[in-house]
Participant: 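There's a structure below that I have some questions on.
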Amino acid sequence: MISPDAARKRDGADGMEVVIGLELHAQLRTRTKLFCACRAEFGARPNRHLCPICLGLPGALPVVNRRAVALGVRAALALGAQVRPRSAWARKHYFYPDLPKGYQITQYEEPLAVGGVVDLPRVEGSERVELERLHLEEDAGRLLHSTRASASSEAVGSRVDFNRCGVPLIEIVTRPDLRSAPAAGSCMRRVKQILEHAGVSAGRLEQGGLRCDANVSLRRRGRTVPAVRSEIKNLNSYRHLVRALEAETRRQRAMMRRGARLVSATLLWDERAGAVRMMRSKEEMADYRYLPEPDLPPLRLPPDWVARIGADLGETPDARRARWEQELGVRRADAERLSADLALADYFDALVRCGADPQRGADFLLSELLAWRGRGEEGGFPLAPDAVAELLRLQRERSVSARLTKQVLAEMVRTGTRAERLLARSRWQPIRDPKQVRAWVVDVFRAHPRLVAELAAGRDALLRFFVGEVMKRSAGRADPQRVRELLAQELRQWASADREGER
Amino acid sequence: MTFPRTAPTAGRCAPPPRASRAITSWCPRCFRRARGGRAVSDRGPSIAEHVTAVRARRVRIPDLVSDSLQRISMRNRTLGAFLHVLDEEARARAEALQSRLERGAWPGPLTGVPIAIKDNLCLRGVPTTAASRLLAGYRPPYTATAVARLLDAGAVIVGKTNLDEFAMGSSSEQGAFGPVRNPLDPQRVAGGSSGGSAAAVAAGMALGALGSDTGGSVRQPAAFCGLVGLKPHYGTVSRYGLIAFASSLDIIGPLARSVDDCARLWRVIAGRDRWDATSRDAEDRDPEGGRSLAELRLGVPRDWVGGRIEAPVREAFERFCAHLAARGAELVPVTLPDTEAGLACYHLLADAEAASNLARYDGVRYGSRAPEAGTLAALYRRTRGRGFGGEVRRRILLGTYVLRAGAYDRYYRRALRARDAIRAAFDQVLAGLDAVLTPMTPTRPFRLGTHLRDPLRMYASDRFAVMPNLTGWPALTFPITKPEARLPIGGQLCGGPHSEVRLLRLAAMLQGGGAA
């Protein structure tokens with residue numbers, strides 16, 4: 001919960017609060033589609049994965065993919081929802097070329113699960129978003145439009161690719177608990193995290209793995225009467241979601257200030273124009289003519305089957321973050337960044353298990369190692385956690401400078417050699433020779449006489465500067481410990497020489 | 001499962017056994033008209049006789065199939081029974097089956113039997129139109145499960161039969177490619193919507209046929225053509241590959257010239273299919289069987305018979321009941337739900353589901369797409385407006401209306417409750433009875449064109465037929481008039497859950513006048 005002051009600031013001077021609810025559609029990570037045996041694969045050539053069922057040929061009938069139901073159940077459990085022991089399928093009718101049967105098989109009156117929560121961590125505390133329901137449904141195809149400008153030798157027109165048609169989706173509906181566009185973006189991000197963590201989410205955002213419809217309205221704070229709502233459809237990135245909501249909120253505010261009457265509308269976000277576009281007005285609101293699906297019996301899910309699916313869900317991202325903060329002493333901001341990403345989080349836990357100091361490990365992972373991400377197998381990290389842990393340990397033990405560590409890291413990636421061996425080579429050895437280091441120190445002192453005087457006078461903050469200068473001259477190879485020792489020595493000598501000079 | 005069989009015959013050109021004389025007077029060995037036997041019509045042997053003769057190598061499959069194809073070519077132009085004849089394919093298959101036979105194989109219980117299938121059943125690579133302009137030229141890339149099972153049993157598909165468009169109708173006059181005429185009187189309808197299948201079997205063009213029954217569409221045409229038609233228990237025959245009309249009511253059923261033939265076809269096609277989630281195995285709920293006529297208790301709904309029903313039909317039905325009573329059967333008067341209510345309930349549910357099932361016909365992926373449509377809306381309007389016939393459009397509009405946001409509770413949900421009530425009423429009535437006996441239709445086969453102007457009059461033709469579709473339980477029709485009668489009249493037996501075997505036994509018994 002946030003403080004009333006913060007709330008007022010967020011809502012704006014007119015005392016109107018923004019009310020946002022989200023409907024998220026996430027693709028489930030199955031091999032095959034929801035109602036047929038076609039592969040549910042992204043990126044295949046158009047209309048490669050088709051059969052009479054997902055193409056809606058005359059006489060074809062749907063059959064339920066059990067794995068999709070299991071993943072849906074798992075998603076529901078990961079979001080803290082209650083799975084209903086009986087749920088039923090329904091037909092939602094509308095005409096569009098990407099919907100072969102003229103209806104989508106979804107769940108209407110009896111969804112898969114109800115309830116659930118999403119916690120959005122904030123600087124102080126967290127914001128809780130409650131979920132209304134979760135249900136399964138099939139995805140539609142993809143339309144590709146070619147205009148005169150982009151057509152080569154192909155005719156102008158639209159074409160449909162049905163590969164995606166029939167892919168299983170889970171629809172997650174939140175209560176209208178969100179109060180700002182950034183919170184909505186954060187919620188969408190969080191849900192993706194949770195679904196990835198549970199192993200049910202397929203595909204990245206760019207591939208359409210998670211899409212969002214947002215409902216937004218303004219109302220006087222304190223009131224509970226629902227105001228006139230706009231629905232913005234088909235947002236497939238966090239950024240678009242936030243921008244679209246901000247634009248629509250501004251539009252609604254402006255209309256209210258003018259005294260104009262708001263009309264319930266369905267909108268699309270035009271990223272290029274940076275504006276919302278009207279899709280349908282209230283009068284044209286689609287009547288989906290829901291019908292209980294006669295081709296499929298209701299889903300009956302035995303409670304023990306459901307329990308077994310959720311048994312190994314393990315630590316939620318929230319619990320993980322809390323553990324890092326409380327047990328390992330990792331800073332909150334770092335913990336949040338790490339828990340945001342499942343792969344990163346797993347890597348960090350492995351690092352700690354290999355003996356790395358948690359905060360240093362976090363720092364290193366977030367600053368240095370992140371740059372190398374993607375170079376490893378399957379887009380992961382190019383070094384195993386134990387190798388990195390070793391590097392960190394040696395850095396601490398042998399007082400290797402940050403700059404040198406970075407170079408060693410690069411070499412480790414390039415050649416695959418372990419840190420121990422690399423640091424044994426003279427090239428990577430920190431330079432400790434007092435004569436050498438002293439020479440550098442003296443050089444630095446000569447270059448900045450006035451600063452030396454200040455340092456001697458007690459301005460200790462300058463020490464960092466001097467260490468840095470020495471490190472520069474040593475191309476990062478000087479042993480920082482040694483540098484500090486010799487700096488101190490030279491400083492004393494200088495001070496006494498100075499005094500002598502004064503006398 | 002066991003079901004009635006005709007006794008095997010012995011001796012050359014011997015008169016056929018008593019039980020089958022009513023249907024055929026062919027010598028089972030050489031298939032020539034038995035000397036002294038009275039030929040009723042040129043209709044050929046029974047499936048059992050056919051299969052026996054084939055197996056014994058007394059006849060060759062190519063000859064029998066050629067015989068069917070010849071009858072088709074002789075009479076199809078007049079009768080309009082077939083939309084597509086598989087002349088070359090059937091001959092090739094017949095030769096192939098014969099070779100397999102000669103090499104010692106036995107493909108299955110329907111080896112070499114020429115069968116016709118309704119044109120709303122998909123057969124891979126073969127035109128399947130559901131008698132609609134919208135699907136003219138459409139060739140499915142897959143075969144319906146029920147048809148595949150026939151093929152696995154060795155059957156020879158001779159062609160796709162004519163029907164009312166998308167199976168919506170009771171006369172087979174409302175297909176886009178012409179009407180079906182009754183082989184027994186070509187000025188009259190063959191019934192619908194499986195009229196083509198019924199005409200094909202009645203005219204000897206095939207030994208059996210598959211139709212689909214949503215509101216009587218197998219039984220009513222079977223009755224109009226003097227055949228036996230079975231509506232199995234909902235779900236026991238896979239709907240995969242059946243062009244859907246009303247999903248919770250549709251079922252594929254066999255039409256044949258005898259109870260035994262019908263049973264053989266049903267046995268091959270019935271059973272669970274993993275590609276139809278509503279399908280289930282058939283069951284035999286009548287294991288003891290073997291009752292005699294004198295032990296029978298049949299319920300007769302007096303108010304159904306007393307209502308609007310053509311005099312010849314009423315007379316024939318009463319005569320038949322008297323005949324049974326004289327042989328010791330007990331005919332118990334029962335009260336069943338009002339037929340008008342049944343029709344209303346049926347139409348609300350069927351049309352709503354039909355509107356939904358036909359939403360996919362938009363010309364985008366298959367079928368005839370309207371040319372030169374500049375916008376998406378125009379594409380849909382023109383393709384569907386021109387592609388669908390009047391009756392189909394009428395039902396889609398009705399069905400769409402019923403499913404509207406404001407109307408759903410008032411109509412559809414109420415119809416669902418009415419359906420439950422009808423099922424409960426039947427359940428109660430059937431307790432302690434072997435079956436319910438009713439006329440199959442309120443009229444004899446009517447003349448072409450007479451019912452077309454008045455849709456409600458056409459719908460009323462299904463008054464006695466729709467109840468078993470609503471309960472989902474088996475029902476069967478069989479002729480209650482003599483084969484020599486000018487126009488056939490059918491009776492209907494309705495049973496409880498999974499009562500096919502019992503109904504088949506009963507029908508054989510009732511037809512044979514008591515001989516089990």
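Residue numbers begin at 1 in each chain, while the letters A, B, ... track the order of the sequences.
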Participant: Locate the shortest heavy-atom distance separating B:Trp275 from A:Leu61; write the atom from each residue and the value.
Facilitator: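 Scanning both residues, the minimum pair turns out to be O-CB, 3.7 Å.
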Participant: When you look at CZ of B:Arg124, are more than 12 heavy atoms from neighbouring residues, nucleotides or ligands closer to it than 6.0 Å?
Facilitator: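 12 or below, so no.
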Participant: Show the nearest heavy-atom pair for residues A:Ala60 and B:Tyr240, with the distance to one decimal.
Facilitator: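 Closest approach of A:Ala60 to B:Tyr240: CA-CE1, 4.0 Å.
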Participant: Counting neighbours of CZ on A:Arg229 that are heavy atoms of other residues, nucleotides or ligands and sit closer than 6.0 Å, is the number greater than 12?
Facilitator: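 No, not enclosed.
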Participant: Between B:Leu379, B:Leu121, B:Leu416, B:Leu242, who has the most heavy-atom pairs with chain A when the cutoff is under 4.5 Å?
Facilitator: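 Option with the greatest count: B:Leu242.
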Participant: Flag yes if more than 12 heavy atoms outside A:Arg67 fall under 6.0 Å of its CZ atom; otherwise flag no.
Facilitator: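 No, not enclosed.
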Participant: Measure distances from B:Ile243 to the heavy atoms of chain A and classify the residue's part below 4.5 Å as side chain, backbone, both or neither.
Facilitator: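 Both parts, heavy atoms under 4.5 Å.
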Participant: Please check if the number of heavy atoms outside B:Arg414 that lie under 6.0 Å from its CZ is greater than 12.
Facilitator: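 No.
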Participant: Once ring-ring contact (aromatic ring centres under 6.0 Å, His included) is applied, do any residues pair with B:Tyr361, and if so which ones, sequence neighbours excluded?
Facilitator: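 B:Tyr361: ring-ring contact (aromatic ring centres under 6.0 Å, His included) contacts with B:Phe166.
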Participant: When you measure from the side chain of B:Arg239 to the backbone N and O of A:Gly59, does any donor-acceptor pair fall under 3.5 Å?
Facilitator: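 No; judged by distance alone, with no hydrogens or angles, the pair does not exist.
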Participant: Which residues pass the ring-ring contact (aromatic ring centres under 6.0 Å, His included) test with A:His93, not counting sequence neighbours?
Facilitator: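 Partners of A:His93 under the ring-ring contact (aromatic ring centres under 6.0 Å, His included) test: A:Tyr103.
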Participant: Report the distance from atom OH of B:Tyr380 to atom OH of A:Tyr96, rounding to the nearest 0.5 Å.
Facilitator: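 Atom-to-atom, B:Tyr380:OH and A:Tyr96:OH are 8.5 Å apart.
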Participant: If contact means a heavy atom pair closer than 4.5 Å, which residues of residues 394-407 of chain B contact chain A?
Facilitator: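 Result: B:Thr400, B:Leu403, B:Arg404, B:Ala405.
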Participant: State whether the number of non-hydrogen atoms from other residues, nucleotides or ligands found under 6.0 Å of A:Arg66 atom CZ is greater than 12.
Facilitator: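 12 or below, so no.
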Participant: Given side chains that start at C-beta, do those of B:Pro140 and A:Leu57 come closer than 4.5 Å, heavy atoms only?
Facilitator: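 Sidechains of A:Leu57 and B:Pro140: no contact.
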Participant: Taking the side chain as every heavy atom from C-beta outward, state whether B:Thr128 and A:Pro58 have any pair of such atoms under 4.5 Å apart.
Facilitator: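 Heavy-atom side-chain distance check fails, nothing below 4.5 Å.
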Participant: Once you round to the nearest 0.5 Å, how far does CG of A:Leu55 lie from CZ of B:Arg360?
Facilitator: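 If we round to the nearest 0.5 Å, A:Leu55:CG and B:Arg360:CZ are 10.0 Å apart.
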Participant: Counting only non-hydrogen atoms closer than 4.5 Å, can you tell me which residues of residues 291-301 of chain A sit against chain B?
Facilitator: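 Only A:Leu291, A:Pro292, A:Pro294, A:Asp295, A:Leu296, A:Pro297 of residues 291-301 of chain A have a heavy atom under 4.5 Å from chain B.
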Participant: Is it true that B:Glu353 and A:Arg289 have a side-chain N and a carboxylate O under 4.0 angstrom from each other?
Facilitator: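 A:Arg289 and B:Glu353: not salt-bridged.
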Participant: Check whether more than 12 heavy atoms from other residues, nucleotides or ligands sit under 6.0 Å from atom CZ of A:Arg29, and answer yes or no.
Facilitator: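 12 or below, so no.
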Participant: Heavy-atom distances under 4.5 Å only: say whether A:Pro52 touches chain B with side chain, backbone, both or neither.
Facilitator: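 Contact with chain B is through the side chain of A:Pro52 alone.
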Participant: Is it the case that more than 12 heavy atoms not belonging to A:Arg142 sit under 6.0 Å from its CZ atom?
Facilitator: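 No.
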Participant: Quick one, B:Asn357 with A:Arg91, criterion side chain to side chain donor-acceptor pair (under 3.5 Å). Give me CA distance, side-chain angles, the key distance, then yes/no.
Facilitator: CA-CA 10 Å; B:Asn357 285 323; A:Arg91 295 183 181 180; 3.0 Å; yes
Participant: Quick one: closest heavy-atom pair of B:Ala359 and A:Phe95, and the distance?
Facilitator: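 Closest approach of B:Ala359 to A:Phe95: O-CE2, 3.4 Å.
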